[in-house]
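Below, chains carry the letters A, B, ... as their sequence lines are ordered, and counting in each starts from 1. The structure displayed is predicted, hence computed values, not measured ones.
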Amino acid sequence: QKEVEQNSGPLSVPEGAIASLNCTYSDRGSQSFFWYRQYSGKSPELIMSIYSNGDKEDGRFTAQLNKASQYVSLLIRDSQPSDSATYLCAVARWSGAGSYQLTFGKGTKLSVIP
Amino acid sequence: EAGVTQFPSHSVIEKGQTVTLRCDPISGHDNLYWYRRVMGKEIKFLLHFVKESKQDESGMPNNRFLAERTGGTYSTLKVQPAELEDSGVYFCASSQVEGGPRGTGELFFGEGSRLTVL
């Protein structure tokens, strides 16, 4: 079983719609959860972090966490063509070797159609 | 303020050769990480420096990989000798805070160094 699993997409949504990105993780000891956005050939950029069960909203972005179901999601409201990118789900866990490591999913490619 | 910079952006070498990748973290960031993404796979942790010390190198694939961070500033990652399976994108990231249960602190990533081994 993959440690962090995401649908690879591509996920296509029309401009103005809600884009819904999902992620499941296998390690119940995971403590922190992140969504990174990566444009082609560019660096991953942190857009949301969430640590507790429930919803966290920041502008057009809402992250949702359900630790019992080991599920994290990202909703993007009023999707814009500039949101077209690959979205990486990442989970932080204690490595046992002295630090927290991020474990990434493969990413979901989002395409917002004008 | 300059972000995380990596050099070279792309390197093409032959199997058996040596390559050295360099990362300049954001000034003042004590924590420096190396990650890599090989073709079709997810980004994976390689190692973590706190200043000049290796905090965690559990992700290093084998002893052909050597990372250094002399003086606690920039870091280098040397692959010697390179093999075909080493091809991929090597990302460097830095952060100011190495967090506890609240996480790693925000990691700022560089654009990566693409390594192609022929």
- Query: Taking the side chain from A:Lys106 and the backbone from B:Gly40, do they hold a donor-acceptor pair closer than 3.5 Å?
  - Reply: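 Judged by distance alone, yes, a pair lies under 3.5 Å.
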- Message: Test your reading of the model: is there a side-chain donor-acceptor pair from B:Tyr35 to the backbone of A:Leu102, 3.5 Å cut-off?
- Response: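 Yes: the side chain of B:Tyr35 pairs with the backbone of A:Leu102.
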Exceeds 12 heavy-atom contacts within 6.0 angstrom, atom [atom1] of [X]:
X       : atom1 : answer
A:Lys67 : NZ    : yes
B:Glu14 : CD    : no
A:Lys56 : NZ    : yes

- Item | Nearest heavy atoms of A:Pro44 and B:Gly110, plus distance in Å |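 Looking at all heavy atoms of both residues, the closest pair is CD-O, 4.1 Å.
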- Taking all heavy atoms of B:Phe91 and all of A:Lys42, pick out the closest pair and write down the distance.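 Closest approach of B:Phe91 to A:Lys42: CE2-O, 4.4 Å.
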- Task: Measure A:Glu45 against the heavy atoms of chain B and call it side chain, backbone, both or neither at under 4.5 Å.
- Result: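 Neither part; nothing is under 4.5 Å.
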- So how far is it from A:Glu3 CD to B:Glu42 CD, rounded to the nearest 0.5 Å?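 Answer for the CD-CD pair, A:Glu3 versus B:Glu42, is 7.5 Å.
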- When rounded to the nearest 0.5 angstrom, what is the spacing between NZ in B:Lys44 and CD in A:Gln101?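 So the gap between those two atoms works out to 10.5 Å.
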- Residues in side-chain hydrogen bond (donor to acceptor under 3.5 Å, both in side chains) contact with A:Asn22, at least two apart in sequence or another chain: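 Once residues adjacent in sequence are excluded, the partners of A:Asn22 under the side-chain hydrogen bond (donor to acceptor under 3.5 Å, both in side chains) criterion are A:Tyr71.
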Can you give me every donor-acceptor pair (side chain of residues 111-118 of chain B, partner residue at least two apart or in another chain, under 3.5 Å) with its distance?
residue: B:Ser113; atom: OG; partner: B:Pro8; partner atom: O; Å: 2.6
residue: B:Thr116; atom: OG1; partner: B:His10; partner atom: NE2; Å: 3.1

- Message: If you apply the rule ring pair (Phe, Tyr, Trp, His ring centres under 6.0 Å), what do you find for A:Tyr36 with B:Phe109, and how did you get there?
- Response: CA-CA 10 Å; A:Tyr36 283 81; B:Phe109 280 82; 5.5 Å; yes
- Item | 4.5 Å side-chain heavy-atom contact, A:Ser43 and B:Val4 |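 Counting from C-beta outward, A:Ser43 and B:Val4 never come under 4.5 Å.
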